[in-house]
Amino acid sequence: MGPPGAGKGTQGELIAERFGIPRLSTGDMLREARKGGTHLGREARRYMDAGELVPDDVILGIVDEALGAPQAGRGFLFDGFPRTIAQADGLAALLGERDEGLDAVLALEVPDDELIARLSGRRVCERCGHVTHTRVVGEAAECPVCGGQLSQRSDDREETVRRRLGVYREQTAPLLEYYAEGETGLTAVDGTGDIELITGRLFRALDEVGTGTSA
Ligand code: AMP
């Protein structure tokens with residue numbers, strides 16, 4: 001968990017790699033659906049571009065489907081889900097049906113001014129999906145990994161970013177308490193500093209809480 005720009009995608013990939021499990025990012029799934037021009041993609045578009053949340057029943061539907069995929073057998077890492085109390089309750093029900101449960105909930109903490117700086121400079125490769133920042137690539141339009149075209153996510157524009165941060169505070173932040181007071185507990189991790197430094201903190205936090213999967 002964490003506000004937009006906290007590093008959930010970047011760090012989530014590294015955690016998923018370490019444990020050999022899939023990373024289930026509802027944001028990525030919605031962006032794929034938009035690219036593919038599916039009904040789901042068309043429905044999600046107006047919420048995403050306004051910085052609002054896609055309705056809970058739509059999100060729970062795609063998560064339910066993803067949990068049934070064969071590669072989810074060894075466990076999974078959720079990135080950007082759940083984002084509301086209703087989604088957390090829905091997730092608990094979906095996991096209960098499968099006799100599964102959460103091992104850990106991690107929350108990345110980053111101050112607002114740093115989030116805004118990260119989001120406004122974020123660039124994504126249209127070809128390979130590599131995520132970088134103008135602090136690294138300057139105003140270059142070419143992906144340093146594959147040479148594809150770098151662009152700004154449509155919801156990373158300033159006005160949408162402000163709305164996304166507001167939505168996080170109103171609808172998602174209450175979940176921190178929900179998990180902190182629940183059975184799984186919540187581990188807050190400092191999300192500032194170099195990428196490797198933050199990864200180290202997350203791995204240590206996971207070692208401390210213990211997970212059902214051995215790395
Ligand atoms: P993300 O890539 O996680 O920042 O998500 C981008 C956008 O997709 C969000 O601003 C929402 O509009 C939508 N989205 C992604 N995950 C969820 C979710 N769990 N619940 C509702 N909307 C979501």
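We count ligands from 1, going down the list as the structure has it; atoms in each ligand are counted the same way.
Closest to atom 12 (O) of ligand 1, if we only count protein heavy atoms, is Glu52 O, 2.6 Å. Atom 8 (O) of ligand 1 has its closest protein heavy atom at Met48 CE, 3.5 Å. Residue, atom and distance of the protein heavy atom nearest to atom 16 (N) of ligand 1 are Thr26 OG1, 2.8 Å.
Using a 4.0 Å cut-off between charged side-chain N and carboxylate O, Glu158 and Arg162 make a salt bridge. Looking at Glu159 and Arg163, no side-chain N of the basic residue comes within less than 4.0 Å of a carboxylate O on the acidic one, giving no salt bridge. A salt bridge links Arg135 to Glu114: at least one charged side-chain nitrogen sits closer than 4.0 Å to a carboxylate oxygen. Salt bridge Arg34/Asp49: present, at least one basic N to carboxylate O contact under 4.0 Å. Salt bridge status for Asp112 with Arg169: present, with a side-chain N to carboxylate O gap under 4.0 Å. Residues Arg164 and Asp156 are paired through a salt bridge, judged by an N-O separation under 4.0 Å between the basic side chain and the carboxylate.
By the 3.5 Å distance cut-off applied to N or O atoms, Arg31 is counted among the residues near ligand 1. For ligand 1, the polar-atom distance check against Gly80 finds a nitrogen or oxygen pair separated by under 3.5 Å. Of the polar atoms of Gly51, none of the N or O atoms is found under 3.5 Å from an N or O of ligand 1, judged by distance alone. Between Gln87 and ligand 1, an N or O atom pair is found at a separation short of 3.5 Å.
Considering only non-hydrogen atoms, atom 5 (O) of ligand 1 lies nearest to Arg83 out of Arg34, Arg46, Arg164, Arg83.
Numbered from 1 in the order shown, with element, the atoms of ligand 1 that lie under 4.0 Å from a heavy atom of Gly27 read 2 (O), 5 (O), 15 (C), 16 (N). Interface of Ile59 with ligand 1, defined as ligand atoms under 4.0 Å from a residue heavy atom, comprises 17 (C), 18 (C), 19 (N), 20 (N), 21 (C), 22 (N), 23 (C). The contact set between ligand 1 and Arg153, taken as ligand atoms under 4.0 Å from a residue heavy atom, comprises 1 (P), 2 (O), 4 (O), 6 (C). Atoms of ligand 1 found under 4.0 Å from any heavy atom of Asp155 (numbered from 1 in listed order, with element): 6 (C).
In Val54, the parts holding a heavy atom less than 4.0 Å from any atom of ligand 1 are both the side chain and the backbone. Residue contacts with ligand 1, taken as heavy atom pairs separated by less than 4.0 Å, involve Leu30 solely via side-chain atoms from C-beta onward. Here Lys8 has no heavy atoms under 4.0 Å from ligand 1, in either its backbone or its side chain. When non-hydrogen atoms are compared, ligand 1 lies under 4.0 Å from neither the backbone nor the side chain of Arg163.
We find the CD-CD1 distance between Gln11 and Ile195 to be 6.5 Å, quoted to the nearest 0.5 Å. Between the CG atom of Asp79 and the CZ atom of Arg23 there is a distance of 4.5 Å, given to the nearest 0.5 Å. Remark: Asp103 CG to Phe19 CZ distance equals 9.0 Å, nearest 0.5 Å.
A 6.0 Å sphere centred on CZ of Arg201 holds more than 12 heavy atoms belonging to other residues, nucleotides or ligands.
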